[in-house]
Amino acid sequence: MLRVLVMVSGGGTNLQAIIDAVNSRQITNTEIVGVISNNRSAYALERAEHHGIPACCVSPKDYENREVFNEKLLEKVDEYDPDLIALAGFLVVIPPAMIEKYRNRIINIHPSLIPSFCGTGYYGLKVHEAALARGVKVVGATVHFVDEGTDTGPIILQKAVAVEDGDTPEVLQRRVMEQAEWIILPKAIDLIANGKVNVTDGKVSVAK
Ligand code: GRF
């Protein structure tokens, strides 16, 4: 049984997609063992409580500096003893010590087709604003392993979504969530839970 810890910062729709996929058995061999948020007002925490999933907040605001926060965050992560950590809209930089300790066991959902519209400063609506400003016709989402860079780790799954005439950033964001994020993040967890994902020389292979 894969022990999955989900890390969140906001509304938690990706967390909800994971919860629903476990409950409907779209994801097998998996238990969501906990939810950690850096934001104590994140609705994602309410979603976790509603489903009886242990949840807590570790906020940088509660510590004198980032170094202490990083230590406390890793301590809290370790308490859940996760096999896999899923960043579902988690907007805090992952401490290098945590990346090292959980190498190729931390995954992230990014709302673009990496390497487009990613890296420092590209998160949430900003991604979709940039895509519309560039005039691309296809966008999408990416699930990737987390390494020391920003959105630079080995890519696991991607899913394309069409841009439509008149799209606003908000409308496009919602379509990317519905048609891509909420599908490929649960799918990636199920593949990992069933031993179908392998990383060799920084490239991911997915067994059929
Ligand atoms: C999503 O747009 C996701 O792509 C990005 O942050 C947002 C999180 O949304 N990483 P939610 O908290 O899962 O609703």
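Numbers here simply count residues along the sequence, with the first being 1. Order of appearance sets the numbers: ligands from 1, and atoms from 1 within every ligand. It should be emphasised that the depicted structure is a prediction, and the values quoted were computed from it without experimental measurement.
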Query raised in the report: Nearest protein heavy-atom contact for atom 10 (N) of ligand 1: which residue, which atom, what distance?
Result: I109 O, 3.3 Å
Report task. Could you pull out all residues at least two apart from L125 that satisfy side chain to side chain contact (heavy atoms under 4.5 Å, CB included)? Result -> E129, P169, E170, Q173
**Report entry** For atom 12 (O) of ligand 1, the protein heavy atom that lies nearest, with its residue and separation
**Finding:** G12 N, 2.8 Å
Report task. Flag the pair R103 and D147 as a salt bridge only when some basic side-chain nitrogen lies within less than 4.0 angstrom of an acidic carboxylate oxygen. Result -> no
Query raised in the report: Can you list the ligand 1 atoms lying under 4.0 Å from a non-hydrogen atom of E181?
Result: 1 (C), 2 (O), 3 (C), 4 (O)
Requested in this report: Apply salt bridge (Lys or Arg N to Asp or Glu O under 4.0 Å) to E31 and list each qualifying residue two or more places apart in sequence or on a separate chain.
Outcome: none
Report task. With heavy atoms of P111 as the reference, note each atom of ligand 1 found under 4.0 Å away. Result -> 4 (O)
Query raised in the report: Above 12 or not: heavy atoms from other molecules or residues under 6.0 Å from CD of E67?
Result: no
Query raised in the report: By number and element, which atoms of ligand 1 are closer than 4.0 Å to a non-hydrogen atom of G10?
Result: 12 (O)
Query raised in the report: Do T28 and D190 have a side chain donor and acceptor closer than 3.5 Å?
Result: yes
Query raised in the report: Please state which protein non-hydrogen atom is closest to atom 7 (C) of ligand 1 and give its distance, to 0.1 Å?
Result: G89 CA, 4.2 Å
Query raised in the report: Under 4.0 Å from any heavy atom of M177, which atoms of ligand 1 are there?
Result: 1 (C), 2 (O), 9 (O), 14 (O)
Report summary line: Residue, atom and distance of the protein heavy atom nearest atom 14 (O) of ligand 1 read T13 OG1, 2.6 Å
Query raised in the report: Is it true that K72 and D62 make a salt bridge, defined as a side-chain N closer than 4.0 Å to a carboxylate O?
Result: no
